Amino acid sequence: MSGPSAVKEVPITRREQLVDYIASGARPKDEWRIGTEHEKFGFRLDDLRPPTYDGDRGIRALLEGLQRFDWQPVFEKDHLIALTRGLGSITLEPAGQLELSGAPLENVHETCCEVTTHLREVKTVADELGLGFLGMGFQPKWRRDEMPWMPKGRYAIMQRYMPLKGGLGLDMMTRTCTVQVNLDFGSEAQMAKMFRVSLALQPIATALFADSPFTEGKPNGFLSFRSNVWTDTDPDRTGMLDFVFEDGFGYERYVDYLLDVPMYFSYRDGRYIDLAGRSFRKFLDGKLDELPGATPTLKDWADHMTTAFPEVRLKKYLEMRGADGGPWNRLCALPAFWVGLLYDDAALDAAWDLVKDFSLAERHALRDGVPRHGLKLPFRGATVRELALEALKIAGHGLARRNCLNATGASEAVFIEPLVEFAHANQTPAERKLELFHGPWNGSVDPVFREFAY
């Protein structure tokens, strides 16, 4: 969830422009990059509460403090809402979760350096303000009504609309954090193959990264409650996109899907126009009552694309959206996992062989069962653990073949080692925290803010 896109205001006069916009993302393999995004919960060190936007120890003060590291401010009206540096940005989720949207980088070593630098800069400023930051999938302690709201126009629109569509949409906005990776493709056919593999295997990432077992200080019965939240957010814009697996899937079919996703807003003249629930198709015909006679621009289309929230999202690149937020090493592990599977041809073939005969019912059973059962979910006479081990093996070989080495001669495969360890142990990060909760933490989630903060 970012701000308005930076796409130019080109009028849309024909539907083909929407298809061409996505198609323009295809690029030769030597230009493929890795863009990693991650969100994290801020908390005040003294009382563990989430910081508000304003105040001496607020999120705005943190953003102002980060400007010493050459980050440039971005304002909405007079509110400082984001920072940019080169091709990277720092943005705010609805309750002040701090998101790094990383620059497009050539390999996972660079990605991990970027994450390390960012966390060091944030910690430098946060320490001065008496703040800490935590990587988990769901806020472990505070109720929804105890979470602050950031002063961003699109969030006000979504805050009103979300409860009309599902019971947990406001929790998605205020109490979840994720880590995502954005990856390129070379052609329409290659995009379709990558999309299918990553959708089918997204529940494996959800299981390996599952780290949201607490709600309001108590176990919630899930390993990835964040993943479960998406099942009751808004059925119009979430889910497994079964049509991606149908013959003939390509850019046009995804455009059809997006045109059927109800709108949230149009950003015009520096303000957000509330169009929640309206049809982009009617917008194309100039038939929206709120904007009489107005038709959309490519910027409206780019903004609209960001308001669909499936497990994998197509823009001019593919976004992997299945993982809970976590500690530093898992922020490096997620891009490594997907790069290993999708950016090496032999690995992509092997991954497709692994999933191509999954039925629609099996794909949904994985998506629906993993949030609660993680690696232990039964699947085809075994469990998700065996599927995860096989996917990790394919990813590891893919990373080794890429042969991107760091200064000490290690390949990118080093970054998936934490995931391999979880799979071998048959224990998710969430299950490890639950053991601590029932043991040394004596039934309190408070120690998580100390022991797992960045």
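Computed over heavy atoms, backbone and side chain alike; hydrogens, waters and symmetry mates excluded. All residue numbers refer to positions in the sequence shown, counting from 1. Nothing here was measured: the structure is a model prediction, and the numbers come from that model.
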Out of curiosity, Lys315 NZ to Ile22 CD1, how far, rounded to the nearest 0.5 Å?
11.5 Å
Ring center gap for Phe358 and Phe379 short of 6.0 angstrom
yes
Using a strict cut-off of less than 4.0 Å between a Lys/Arg side-chain nitrogen and an Asp/Glu carboxylate oxygen, indicate whether Glu76 and Lys152 qualify as a salt bridge.
no
Look at Arg330 together with Asp211 and state whether they make a salt bridge at an N to O cut-off of under 4.0 Å.
yes
NE2 of His109 to CD of Glu106: how many Å apart, nearest 0.5 Å?
12.0 Å
So does Asp349 pair up with Lys193, basic N to acidic O under 4.0 Å?
yes
Hey, is CG on Asp56 packed in by over 12 heavy atoms from elsewhere, all under 6.0 Å?
no
Can you name the disulfide bond (SG atoms under 2.5 Å apart) partners of Cys177, sequence neighbours left out?
none
Is it the case that Thr52 and Asp54 place a side-chain donor and acceptor less than 3.5 Å from each other?
no
Trace of the salt bridge (charged side-chain N to carboxylate O under 4.0 Å, His left out) decision for Arg160 with Asp274
CA-CA 10 Å; Arg160 177 191 71 77; Asp274 188 342; 3.1 Å; yes
Exactly one candidate in Leu342, Ile394, Leu341 meets side-chain contact (heavy atoms from CB on, under 4.5 Å) with Leu348; the answer is Leu342
Can you confirm whether Leu392 sits close enough to Leu208 that some side-chain heavy atom of one is under 4.5 Å from a side-chain heavy atom of the other?
yes
Do Thr111 and Glu114 have side-chain atoms, one donor and one acceptor, less than 3.5 Å apart?
no
Residue pair Thr206, Arg367: steps toward the side-chain hydrogen bond (donor to acceptor under 3.5 Å, both in side chains) verdict
CA-CA 9 Å; Thr206 301; Arg367 167 66 186 92; over 6 Å; no
Please tell me whether Thr428 and Glu431 have a donor and an acceptor in their side chains that are separated by less than 3.5 angstrom.
yes
Check this for me: does any side-chain nitrogen of one of Arg226 and Glu39 sit under 4.0 Å from a carboxylate oxygen of the other?
no
side-chain contact (heavy atoms from CB on, under 4.5 Å) partner of Leu399, chosen from Ile416, Asp344, Asn107
Ile416
Between atom CG of Leu223 and atom CZ of Arg432, what is the distance when rounded to the nearest 0.5 Å?
12.5 Å
Quick check: are there more than 12 heavy atoms from other residues, nucleotides or ligands sitting under 6.0 Å from NZ of Lys123?
no
Would you find more than 12 non-hydrogen atoms of other residues, nucleotides or ligands less than 6.0 Å from Lys165 atom NZ?
yes
For Trp328 and Thr116, which I'm curious about, is there any donor-acceptor pair between the side chains at under 3.5 Å?
yes
Straight-line distance of Met147 CE to Phe41 CZ, nearest 0.5 Å
6.0 Å
Should Glu216 and Lys141 count as an ion pair when the cut-off is N to O under 4.0 Å?
no
Report yes or no: is the cationic atom of Arg196 (NZ for Lys, CZ for Arg) closer than 6.0 Å to the six-membered ring centre of Phe249, at no more than 45° off its axis?
no
Can you give me the closest heavy-atom contact between Ala205 and Phe337, atom names plus distance?
CB-CE2, 4.3 Å
Out of Arg401, Arg402, Glu412, which residue meets the side-chain contact (heavy atoms from CB on, under 4.5 Å) rule with Tyr343?
Arg402
According to the interplanar angle, ranging from 0 to 90°, do the rings of Tyr53 and His79 count as parallel (below 30°), tilted (30 to 60°) or perpendicular (above 60°)?
perpendicular
Taking the ring of Phe309 and the ring of Trp230, is the distance between their centroids below 6.0 Å?
yes
Looking at CD1 of Ile90 and CH2 of Trp71, how far apart are the two atoms once the value is rounded to the nearest 0.5 Å?
4.0 Å
Mind running side-chain hydrogen bond (donor to acceptor under 3.5 Å, both in side chains) on Asn406 and Thr408 for me, showing each step along the way?
CA-CA 5 Å; Asn406 67 8; Thr408 62; 2.9 Å; yes
Identify whether the distance between the nearest side-chain nitrogen and carboxylate oxygen of Arg313 and Glu37 falls below 4.0 Å.
no
How far does CZ of Arg321 sit from CD of Gln202, to the nearest 0.5 angstrom?
9.5 Å
Is Glu390 salt-bridged to Arg380, going by a charged N under 4.0 Å from an acidic O?
no
